[in-house]
Amino acid sequence: MDKLIITGPCTLSGSVRISRAKNAYLPILAAVLLSNKPIHLKNIPELQDIKTMIKLLSNLGVQVSKNGNITTFDASTLNSHEATYDLVKTMRASIFVLGPLLARLGKAKVSLPGGCAIGTRPIDLHLTNLEKLGCEISLHAGYVEAHVKKMLPTSLTLAFPSVGATENLIMASVFTEGVTTIDNSALEPEIDDLAHFLNAMGAKITGIGTQKIVIEGVKSFKEVTYEAIGDRIEAATYLMAALATGSNITIEGVKSRHLQFVIDVLKKMGAKIETTEDTIQVFKSELTGCQIDTAPFPGFPTDAQAQMIALCTQVKGISVITENIFENRFMHVPELIRLGADITLKGKLAIIEGGAPLSAAPIMCTDLRASAALIIAALTTTGDTELQRVYHLDRGYEKLEEKFSQLGAKIKRVKE
Ligand code: EPZ
């Protein structure tokens, strides 16, 4: 298993270009299954989760070819409806193929994703609402077995604005004769991006960006070329790394409005940040503590919680961060404490007494965003911090060492 050695403390400078969003391209790749026309996707990030999803599509019979920065998918040769455990267990987002397979083939057999480090992450909202659309669903030997004769145009209301459930149900409904609505749908920008992609193929989705998505069924799709939005969580990571190390950097290639709540919180803490539509400029700032609750979009994203805790270890004073979305998303805290951070956990709350310098020690990645938090902390730490199990990081951060090195960080990968 690879390790990263990060030599701190360091300051960063220059600019970093953000990759296309993992959490936009994962559902968009699943939506490839809906069409029998060629689909050309631009600048798909080279991430483990993306590779897994593309392998899953290939296993279902989709032809994949790459030409420079454009990857072409052809699902006219779709020849299976089964997403097997060996792939699904490595990436929960595989469950996104359920909706498209049901819409396209009327049947699907998808392994239950199982738990993951940050929580049990059930899929009850996906399944109960697919049943309301007319699907027959049974669970058998660790698999979801589903089939449907004719999808029913239905008014759905989500008990919780689940990102994945919203995306699965939109994809399931694009060919349904009549109008399907999803009330209390999640508002994350990646959902808007999926809907824009589907409309580019010929779907009729309105209410995008509102809590009521309306899908009018169409008969078929057309050939399309599409590029997903920038990754707002990757951008938040570089933003917090810059503030933690007292640096001036420019972040390019992401809609600043997709990060508005995070930027507003940081500005309230004293951060000097200037934005245009597609760039975020951050300057060395003296910060004070904060009180944050993670929430569904447009609130503070749970995916930036770990990075925020790492930043708060460098902020004089008390900060309190409450994780409201996942039940076990503080695994980075014991690792940060190994570096000397003063953090107390009380149920959903993390209480950080910031300002004390951190010192290097071997630490371990436990999940994707926790890994990003450890990198931020290591950049501020005196000495060589050894970060183990970096495969977690490779799931969601493209060319991380390259990007941080270009910003001036001393970071190298040791292959084991
Ligand atoms: C998406 O996961 C993201 N993943 C997650 O990012 C992100 O943390 C999450 O949304 C919340 O923003 C992708 O987009 C691939 P949810 P998803 O359904 O769809 C509960 C990352 O780091 N729930 O909105 O699984 C669930 O347990 C990853 O990039 C149910 O109870 O999130 C959780 O507590 C991590 N039943 C809450 O809702 C369901 O059927 C939010 O889950 C579905 C969800």
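Ligands are counted one by one from 1 in listed order, and the atoms in each one are counted from 1 as well.
- Numbered from 1 in the order shown, with element, the atoms of ligand 1 that lie under 4.0 Å from a heavy atom of Gly164 read 18 (O), 19 (O).
- With respect to atom 26 (C) of ligand 1, the closest heavy atom belonging to the protein is Phe326 CE2, 4.2 Å.
- Between Glu323 and Thr302, the side chains place a donor N or O and an acceptor N or O closer than 3.5 Å (distance only, hydrogens not considered).
- Annotation: atom 40 (O) of ligand 1 to nearest protein heavy atom, Leu125 N, 2.7 Å.
- None of Thr71, Thr72, Val224 except one satisfies the side chain to side chain contact (heavy atoms under 4.5 Å, CB included) rule with His40; the exception is Thr72.
- Using a 4.0 Å cut-off to heavy atoms of Ile123, the atoms of ligand 1 that qualify are 39 (C), 40 (O).
- Taking every non-hydrogen atom of Asp303 and a distance limit under 4.0 Å, the qualifying atoms of ligand 1 come out as 5 (C), 6 (O), 7 (C), 8 (O), 21 (C), 22 (O), 28 (C), 29 (O), 35 (C).
- Of all protein heavy atoms, the one closest to atom 34 (O) of ligand 1 is Ile325 O, 2.6 Å.
- Here the two rings, on Phe221 and Phe175, have centers that are under 6.0 Å apart.
- Counted by atom type alone, Lys403 and Ser19 present one or more donor-acceptor pairs between their side chains at under 3.5 Å.
- Distances below 4.0 Å separate heavy atoms of Arg329 from the following atoms of ligand 1: 8 (O), 22 (O), 35 (C).
- The shortest N/O to N/O separation between Asn23 and ligand 1 falls below 3.5 Å.
- Note: Tyr238 and Phe404 have tilted aromatic rings, judged against thresholds of 30 and 60 degrees for the angle between ring planes.
- Taking a cut-off of under 4.0 Å to the non-hydrogen atoms of Lys22, the atoms of ligand 1 that pass are 21 (C), 29 (O).
- In Phe160, the part holding a heavy atom less than 4.0 Å from any atom of ligand 1 is the side chain.
- Residue Arg369 has at least one heavy-atom neighbour below 4.0 Å for each of these atoms of ligand 1: 21 (C), 22 (O), 29 (O).
- The single protein non-hydrogen atom nearest to atom 18 (O) of ligand 1 is Ser162 OG, 2.7 Å, given as residue, atom name and distance.
- Close N/O approach between Val163 and ligand 1 is found [any backbone or side-chain N/O within under 3.5 Å].
- Residue, atom and distance of the protein heavy atom nearest to atom 11 (C) of ligand 1 are Thr302 CG2, 3.9 Å.
- Around atom 36 (N) of ligand 1, the closest heavy atom drawn from Leu127, Ile191, Asp124 belongs to Asp124.
- Remark: of the listed residues Thr385, Val414, Leu374, Leu393, Leu393 is the sole one forming a side chain to side chain contact (heavy atoms under 4.5 Å, CB included) with Leu4.
- The atoms of ligand 1 that sit less than 4.0 Å from any heavy atom of His126 are 40 (O).
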Please walk me through it: do Thr84 and Lys109 pass side chain to side chain donor-acceptor pair (under 3.5 Å)? CA-CA 8 Å; Thr84 54; Lys109 184 178 176 188; over 6 Å; no

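- For atom 31 (O) of ligand 1, the nearest non-hydrogen atom from the set Gly119, Ala93, Pro27, Pro122 comes from Pro122.
- Using modelled atom types, no side-chain atom of Arg329 and backbone atom of Gly119 make a donor-acceptor pair closer than 3.5 Å.
- For atom 20 (C) of ligand 1, no protein heavy-atom neighbour is present inside the 4.0 Å cut-off.
- Of all protein heavy atoms, the one closest to atom 17 (P) of ligand 1 is Arg121 NH2, 3.8 Å.
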Hey, mind stepping through Thr322 and Asn324 against side chain to side chain donor-acceptor pair (under 3.5 Å) and telling me if it holds? CA-CA 6 Å; Thr322 307; Asn324 296 305; 5.5 Å; no

Give the intermediate values and the outcome of side chain to side chain donor-acceptor pair (under 3.5 Å) for residues Asp394 and Gln48. CA-CA 6 Å; Asp394 297 337; Gln48 193 48 50; over 6 Å; no

Take His332 and Gln305 through the test side chain to side chain donor-acceptor pair (under 3.5 Å) and record every step on the way to the result. CA-CA 10 Å; His332 41 289; Gln305 172 260 104; 2.9 Å; yes

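- Electrostatic pairing of Lys255 and Asp278 counts as a salt bridge here, judged by a charged N lying under 4.0 Å from a carboxylate O.
- In terms of polar-atom proximity, defined here as any N/O pair under 3.5 Å, Glu327 makes no such contact with ligand 1.
- Looking at ligand 1, you won't find any N or O of Leu26 less than 3.5 Å from one of its N or O atoms.
- Pairs engaging residues 42-63 under the ring-ring contact (aromatic ring centres under 6.0 Å, His included) rule: none recorded [sequence neighbours left out].
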